[in-house]
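Quick notes on the structure that follows.
Numbers restart at 1 for each chain; the letters A, B, ... are given by sequence-line order, proteins then strands.
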There are 2 protein chains.
Amino acid sequence: MNVTIRQLQCFVAVARSRSFAEASTRLHLSQPALSIAIRNLEEAVGGKLLERSTRSVALTPEGTQFLQVVQRLLGDWERSLDDVRNLFALRRGKLDIAAIPTFASSLLPRILAAYRRQFPDINVTVHDVITESVVEMVRAGRAELGVTFDPGDAQDLAFTPLFRDRFVAVLPAGHPLLQRDSLRWRDLARFPYITLQRPSSIRLLIDRMLQERALELVPTFEAHQLASIGRMVSAGLGTSVVPALSSSQMEEMGAVCRAISAPVVTRQVGVITRRRHPLSSAARAMTEVIAHWREASPAAPS
Amino acid sequence: MNVTIRQLQCFVAVARSRSFAEASTRLHLSQPALSIAIRNLEEAVGGKLLERSTRSVALTPEGTQFLQVVQRLLGDWERSLDDVRNLFALRRGKLDIAAIPTFASSLLPRILAAYRRQFPDINVTVHDVITESVVEMVRAGRAELGVTFDPGDAQDLAFTPLFRDRFVAVLPAGHPLLQRDSLRWRDLARFPYITLQRPSSIRLLIDRMLQERALELVPTFEAHQLASIGRMVSAGLGTSVVPALSSSQMEEMGAVCRAISAPVVTRQVGVITRRRHPLSSAARAMTEVIAHWREASPAAPS
DNA sequence: CGATCTTACGGGATTCGTAAACATA
DNA sequence: TATGTTTACGAATCCCGTAAGATCG
């Protein structure tokens, strides 16, 4: 004795047109089928909702009251169904992405533009935060996708590699080392060295590498932001090493970047998501846009 | 591709227990049937609502949002269904009755008591108003039932007779006419006569009768209310003629009633309802209580 | 008598339950 | 391997449409 949404729609249609015949055509249903639908509904609610003679159809008082609430319910239902369908059809929705600043300010804008072209009605929020915060936000579910370095040991996170980001030297314009196309780490040791403060993940990575190779670069200046470093370098305070992702940002500030060989230090950049937490359609679409972009430019960073 | 209320209940059950197996027992359904129900629902909304592996069931972001609205919708639906069922089962509801004051203050209270014993949760409002207002209120739908005289010519009203109400003479205690058990109209002509003011329907009925019989009763006093007449009579100001329905009221005030013969003047009292406007269950139950009461006391008024 | 709702009945689709296959921790 | 979901399939149920019947204006 289960009531069906269709039965409610039938009831509303008959109540509105005050005629079984007219309502049945409007519902694309035969008259007898409509009769039975109403009968079953009345059986389910325990009484007559419509008083019908061969020449007239009238709502009972109970039917009048029921009609009000059913109309509201059906309206709510239609709207809800539409909402969730729009969500799946990517005609609506929102997406939170956390990304390290170097990525957020270099490659991400173009990806966002492509995404927006394809899904103009999805609201994307970018959180450009430090590596640790990217991981934390994805873990907490405050961002569905995160772009950062391989977290490696995280059991609850899935990592999809995008590319390897190399470290490059940054030098002020006119610096003597710029005579050469390619530098080695030890070349930098002869000049004042500017670096990010701990506990930046970039700083940690470089320190660990230097220690392993028994190299030494004594920081003369330290800063929090890559932008600050770029300004300090271009002001001639010294040299630095930054991810290639940020080289265009550096050069905008008047500094010059050079690849470093011997050894080539890279870090794996990719997309992290929560394991056992399915993605929204909007997020899945974003991963696909990213994958497509990655495919189109395999050697992504300059 | 029609969504069923059952499917929504299935979805909520699975989402709550995060297990198809547990939900299926709770829904009194086999596991496969539940699987298929969810699959069909997902097909209808256009995407996955639940991400399921053999060891875990998790809501997708769209599923999470959908769950919220579906829970609210189902709650509203259950409540609405309960409401209308209670209405039909006479466990809730309201009923407006319009009745002429003579009936409202004499026989109606006992009927209301019987009704309330049987349906204690139905809220009954009694409108004791003059005859014309009874008809008007029923016509306007402000009262489902009306107790009054036979309206006769009304096309849009149905009249169910209850009993014939006779007119009786009212006299002060110790009045000479009280020597006799039964009076005639012309006996009253020798005494001061108190009557209701026009256009009371009682007054009109009596006037018409008197005119037809070529009798004459000149009013010495006129009043609006039967209660006033009772007081005036018991104060010895004169005699009057009132419906037998109000005789107990008269006698409470110290007046004495006597039947009038030659001729016996009666009026048909009954229940009026709107034609082509079905009654609520509460109103139908009231008509049945009234009919039952009528059957139990065929010669209702004293 | 005519328009309209209801009942009767056969066909088709949907849904259900049992049993087997499948997948992951 | 063991638990839990999905697929396969036969059976029951439900729903629909056509045709005949009933009823009120």
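- Sorted by first and then second residue, the pairs that involve residues 8-20 of chain A and meet side-chain hydrogen bond (donor to acceptor under 3.5 Å, both in side chains), not counting sequence neighbours, are Q9(A)-E78(A).
- Of the candidate nucleotides dC5(C), dC16(D), dT5(D), dC16(D) has the atom nearest to the side chain of L29(A).
- What separates CG of L34(A) from C1' of dT7(C) is a distance of 15 Å, to the nearest Å.
- Applying the ring-ring contact (aromatic ring centres under 6.0 Å, His included) rule to pairs touching residues 126-147 of chain A yields nothing, sequence neighbours excluded.
- As judged by a 4.0 angstrom heavy-atom cut-off over every strand, R55(B) is placed among the base-contacting residues.
- The base of dC5(C) is not paired with the side chain of T54(A) by any donor and acceptor separated by under 3.5 Å.
- Between Q118(A) and V289(A), the closest side-chain pair of non-hydrogen atoms falls below 4.5 Å.
- Straight-line distance from the CZ atom of R39(A) to the C1' atom of dC5(C): 13 Å, rounded to whole Å.
- Counting only heavy atoms from C-beta on, N40(A) has its side chain closest to dC15(D) among dC15(D), dG4(D), dT4(C).
- Taking the six-membered ring where tryptophan is involved, the planes of F66(B) and F11(B) are tilted, since the angle between them lies from 30° to 60°.
- Considering only the side chain of A33(A), dG17(D) comes nearest among dG17(D), dT15(C), dT5(D).
- Computed from coordinates, the L41(A) CG to dC15(D) P distance equals 12 Å when rounded to whole Å.
- Across all strands, S30(A) comes closer than 4.0 Å to base atoms (heavy-atom distances).
- Relative to the side chain of P32(B), the nucleotides dC15(D), dT15(C), dT6(D) differ in distance, and dT6(D) lies closest.
- Straight-line distance from the CZ atom of R52(B) to the P atom of dT3(D): 22 Å, rounded to whole Å.
- Within the nucleic acid shown, S19(A) comes within 4.0 Å of sugar-phosphate atoms alone, with no base atom in reach, counting heavy atoms only.
- Nearest to the side chain of S35(A), among dA19(D), dC5(C), dG17(D), sits dC5(C).
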